[in-house]
Amino acid sequence: MKNYKNVIIGFGKGGKTLAKSLAVHGEEVLMIEASDQMYGGTCINIGCIPSKSLIVNSERNLPFTEAVAHRGELTAKLRNKNYHMVADQPTGEVWTGTASFLSDHELAVELTDGTYQEIQGERIFINTGSTPVLPDIPGLALSSRIVTSKEAMELPELPKRLIIIGAGYIGLEFASMFANYGSQVTVLDPHTEFMFKEDPDIAEMIFQDLTRKGIEFELGATIKHVTETSDGVQVAFEKDVEHIITGDAILVATGRKPNTKSLHLENTGIEITERGAVKVNDKLQTTVDNVWAIGDVNGGPQFTYVSLDDYRIIKDQLLGKGDRSTSDRKFVPYTVFLTPPLSRVGLSEKEIKAAGYDYKTFSFATAGVPKAQVLEDPTGLFKVMVDTKTDKILGAVIYSEESHEVINLIALAMKADLPYQLLRDQIYTHPTMSEALNDVLSD
Ligand SMILES: Cc1cc2nc3c(=O)[nH]c(=O)nc-3n(C[C@H](O)[C@H](O)[C@H](O)COP(=O)(O)OP(=O)(O)OC[C@H]3O[C@@H](n4cnc5c(N)ncnc54)[C@H](O)[C@@H]3O)c2cc1C
Ligand SMILES: NC(=O)c1ccc[n+]([C@@H]2O[C@H](COP(=O)([O-])OP(=O)(O)OC[C@H]3O[C@@H](n4cnc5c(N)ncnc54)[C@H](O)[C@@H]3O)[C@@H](O)[C@H]2O)c1
């Protein structure tokens with residue numbers, strides 16, 4: 001059985017970055033990826049990049065089929081680049097096949113060319129990502145009309161009526177995007193509160209904007225069953241009484257679960273958590289020595305940039321001082337890519353109130369920002385909450401064009417422990433959305 005110094009299972013963000021980094025340091029690295037359509041992982045093939053390409057092109061009024069074709073070209077280009085990033089390293093190798101554990105450090109690999117290999121890994125990095133959760137709803141089985149986000153981005157034509165199950169990240173981003181392309185969208189979710197993690201003022205503003213776009217929401221809905229008909233789909237749900245809605249397609253967007261099934265962890269001492277993730281400590285070590293878990297599979301926040309930060313923690317152990325850990329992770333921002341996007345970092349106002357801080361809220365309408373007028377989209381609001389005792393920023397939420405860029409600036413100020421006045425008095429280029437901070441933070 002051939003022994004490899006480093007084996008990475010799954011071509012995710014953290015794993016591929018680690019593969020390159022180890023290979024650049026002259027170390028032998030074997031990357032095992034289940035599919036030749038997934039070199040580079042979820043983000044570039046079926047996640048962030050294709051969805052954001054489709055969102056941007058929906059805002060540019062490109063017809064859906066052209067945008068889908070463009071998405072395909074973009075992902076193919078990135079897939080090829082990612083493959084070569086690892087395979088072309090003198091000490092790097094990429095195998096296309098599914099890896100599973102035979103024991104703590106022994107792996108079986110079913111290669112897609114029909115061959116089989118058994119190998120040993122001195123160090124093994126599990127980076128197998130996550131897969132969509134399919135709720136146990138009678139009649140709900142994936143088909144050409146009942147799809148997850150992956151297939152929704154490959155549809156041969158725009159569904160006239162799209163039903164989306166789930167009002168989370170994917171549900172809302174896809175609802176906004178398909179509405180931009182011209183679909184009649186209905187979103188169903190069991191929660192009665194729209195965007196329940198957000199402050200009610202922002203959530204209400206977004207709800208109104210999405211509703212104005214023609215998106216219908218059925219919140220507090222319990223889905224009873226799904227039926228595929230000869231020319232469409234039907235969803236029966238209960239909300240006070242039973243309702244039936246009809247569509248051309250259903251997008252199931254009800255969360256993603258860590259992808260551990262194919263790994264046969266039962267053959268090892270690697271434990272999994274109650275929620276089905278690979279159990280790790282704050283250095284991302286599993287319960288077996290020299291086996292780590294990176295990205296969605298370890299149950300952390302499901303973001304590409306978190307998988308990348310997992311890489312930094314592991315690289316620091318292998319090639320650096322070894323003092324980085326997940327507990328250093330503070331003020332991790334996020335963006336929901338609506339039109340315009342919603343971005344947030346730190347605490348929400350309701351969390352700040354509940355924690356009992358003395359705070360003040362700076363809020364400013366996007367319409368007052370010159371760049372918003374240039375972009376002809378005055379929608380939204382900036383809200384920054386500041387601790388009145390320390391002048392430090394406790395949290396910020398921005399619902400506006402380019403909020404996904406501005407939020408990173410605020411996150412940096414928070415991480416550097418800077419007083420809010422520094423952002424207020426900064427000289428920004430003009431016209432930009434960042435310069436709004438001059439006005440937002442003024443008394
Ligand atoms: C539609 C959509 C939009 C998203 N948008 C964003 C966004 O805008 N911003 C953001 O930060 N995040 C976004 N995400 C989340 C983000 O894509 C994930 O958090 C991230 O890609 C997870 O990366 P990872 O490193 O955990 O592994 P992944 O990139 O998921 O890679 C795992 C790889 O492992 C392979 N694999 C699985 N099992 C095996 C096995 N046994 N053997 C060999 N290979 C195996 C899989 O084929 C896969 O290629 C989005 C997700 C989706 C679905
Ligand atoms: N912009 C981004 O960063 C971005 C974009 C897309 C996805 N993602 C990542 O991908 C992950 C998965 O996204 P997601 O939208 O699938 O998950 P999610 O957890 O964000 O939302 C799932 C939604 O499905 C609903 N739901 C659950 N069971 C249901 C049922 N039986 N019927 C109806 N609704 C049901 C939940 O109430 C929830 O609102 C996210 O958690 C996020 O981390 C990130």
Side-chain angles (χ1 to χ4, degrees), residues 7-18 31-52 54-55 79 82 95-101 107-112 125-137 140 148-150 152-153 164-174 187-191 193-197 218-219 221-223 235 237 251-264 293-298 300-308 310-311 332-338 341-343 404:
V7 181
I8 301 178
I9 309 175
F11 216 132
K13 179 69 181 176
K16 69 189 175 193
T17 317
L18 182 65
M31 165 70 78
I32 306 170
E33 166 52 49
S35 161
D36 63 1
Q37 294 305 299
M38 288 295 285
Y39 299 141
T42 300
C43 179
I44 66 150
N45 291 295
I46 58 167
C48 339
I49 299 294
S51 61
K52 271 75 239 182
L54 285 169
I55 289 168
R79 196 158 50 242
N82 274 262
W95 287 6
T96 311
T98 301
S100 59
F101 283 86
L107 297 170
V109 189
E110 305 263 4
L111 290 133
T112 52
F125 307 91
I126 303 171
N127 187 205
T128 50
S130 59
T131 47
V133 173
L134 287 187
D136 191 13
I137 297 170
L140 190 78
T148 70
S149 53
K150 174 183 183 294
M153 295 192 279
I164 300 182
I165 303 182
Y169 277 84
I170 296 177
L172 293 181
E173 288 187 358
F174 279 56
V187 183
L188 304 157
D189 198 284
H191 282 102
E193 211 182 322
F194 178 74
M195 296 189 102
F196 62 93
K197 289 187 193 146
E218 295 292 356
L219 302 175
T222 308
I223 300 175
V235 176
F237 65 94
L251 164 62
V252 187
T254 47
R256 293 176 62 88
K257 59 178 184 215
N259 200 0
T260 55
K261 205 170 160 197
S262 59
L263 292 171
H264 291 294
I294 307 174
D296 287 6
V297 75
N298 70 26
Q302 296 177 346
F303 297 116
T304 296
Y305 43 95
V306 169
S307 180
L308 180 66
D310 285 357
Y311 143 76
V332 179
Y334 63 79
T335 294
V336 188
F337 288 88
L338 305 170
L342 168 78
S343 304
H404 48 289

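We count ligands from 1, going down the list as the structure has it; atoms in each ligand are counted the same way.
- Note on ring orientation: taking the six-membered ring where Trp is involved, the planes of Tyr169 and Phe303 are perpendicular (angle over 60°, cut-offs 30° and 60°).
- Between the side chains of Thr128 and Asn259, not a single donor N or O lies within less than 3.5 Å of an accepting N or O.
- The backbone N or O of Gly40 lies less than 3.5 Å from a partner atom in the side chain of Lys16, making a donor-acceptor pair.
- Proximity to Phe337 (heavy-atom distance under 4.0 Å) selects the following atoms of ligand 2: 1 (N).
- Panel note: side chain Thr112, backbone Thr96; a donor-acceptor pair is recorded below 3.5 Å.
- When only interatomic distances are considered, the shortest N/O to N/O separation between Glu173 and ligand 2 falls below 3.5 Å.
- By the 4.5 Å heavy-atom criterion applied to side chains, Leu140 and Ile165 are counted as neighbours.
- Arg256 contributes a side-chain N or O that, together with a main-chain N or O of Ser130, makes up a donor-acceptor pair within less than 3.5 Å.
- Formation of a donor-acceptor pair under 3.5 Å by the Ser35 side chain with backbone atoms of Gln37 is found in this model.
- The closest heavy-atom contact to atom 23 (C) of ligand 2, among the options Ala253, Cys48, Gly171, Cys43, comes from Ala253.
- Minimum interatomic distance between Asn82 and Phe11 (heavy atoms only, all atoms of both residues): O-CZ, 3.4 Å.
- The distance from ligand 2 to the heavy atoms of Pro135 drops below 4.0 Å at these ligand atoms: 31 (N).
- A distance limit of 4.0 angstrom between heavy atoms and ligand 1 selects the residues Ile9, Gly10, Phe11, Gly12, Lys13, Gly14, Ile32, Glu33, Ala34, Met38, Gly41, Thr42, Cys43, Ile46, Gly47, Cys48, Ser51, Lys52, Gly97, Thr98, Ala99, Asn127, Thr128, Gly129, Ser149, Ile170, Arg256, Asn259, Ser262, Leu263, Gly295, Asp296, Gln302, Phe303, Thr304, Tyr305, Ser307, Phe337.
- Judged purely by atom type and a 3.5 angstrom limit, Thr254 has no side-chain atom pairing as donor or acceptor with the backbone of Gly166.
- The nearest protein atom to atom 15 (O) of ligand 2, hydrogens excluded, is given as Ile170 N, 2.8 Å; this is a heavy-atom distance.
- Within ligand 2, the atoms closer than 4.0 Å to a non-hydrogen atom of His191 are 37 (O), numbered from 1 in the order shown.
- Contacts between Tyr334 and ligand 2, counted as non-hydrogen atom pairs separated by less than 4.0 Å, are absent for every part of the residue.
- Regarding atom 4 (C) of ligand 2, its nearest protein heavy-atom neighbour is Tyr169 CD2, 3.3 Å.
- Using a 4.5 Å heavy-atom threshold, the side chains of Lys13 and Thr42 count as separate.
- Of all heavy-atom pairs between Ala253 and Gly171, the closest is CB-N, 3.7 Å.
- Remark: side-chain polar atoms of Glu33 are not paired, donor with acceptor, to backbone N or O of Gly10 under 3.5 angstrom.
- By the criterion of a heavy-atom distance under 4.0 Å, neither the backbone nor the side chain of Val133 is placed next to ligand 2.
- Shortest contact from atom 29 (C) of ligand 2 to any protein heavy atom: Thr254 CG2, 3.5 Å.
- The side-chain hydrogen bond (donor to acceptor under 3.5 Å, both in side chains) test applied to Asn127 returns no partner, not counting sequence neighbours.
- Residue Arg256 has at least one heavy-atom neighbour below 4.0 Å for each of these atoms of ligand 2: 12 (C).
- For atom 25 (C) of ligand 2, the closest non-hydrogen atom of the protein is Asp189 OD2, 3.2 Å.
- Listed by number with element, the atoms of ligand 2 under 4.0 Å from a non-hydrogen atom of Pro190 are 32 (N), 33 (C), 34 (N), 35 (C).
- For atom 14 (P) of ligand 2, the choice among Gly255, Ser130, Ala167 with the nearest heavy atom turns out to be Gly255.
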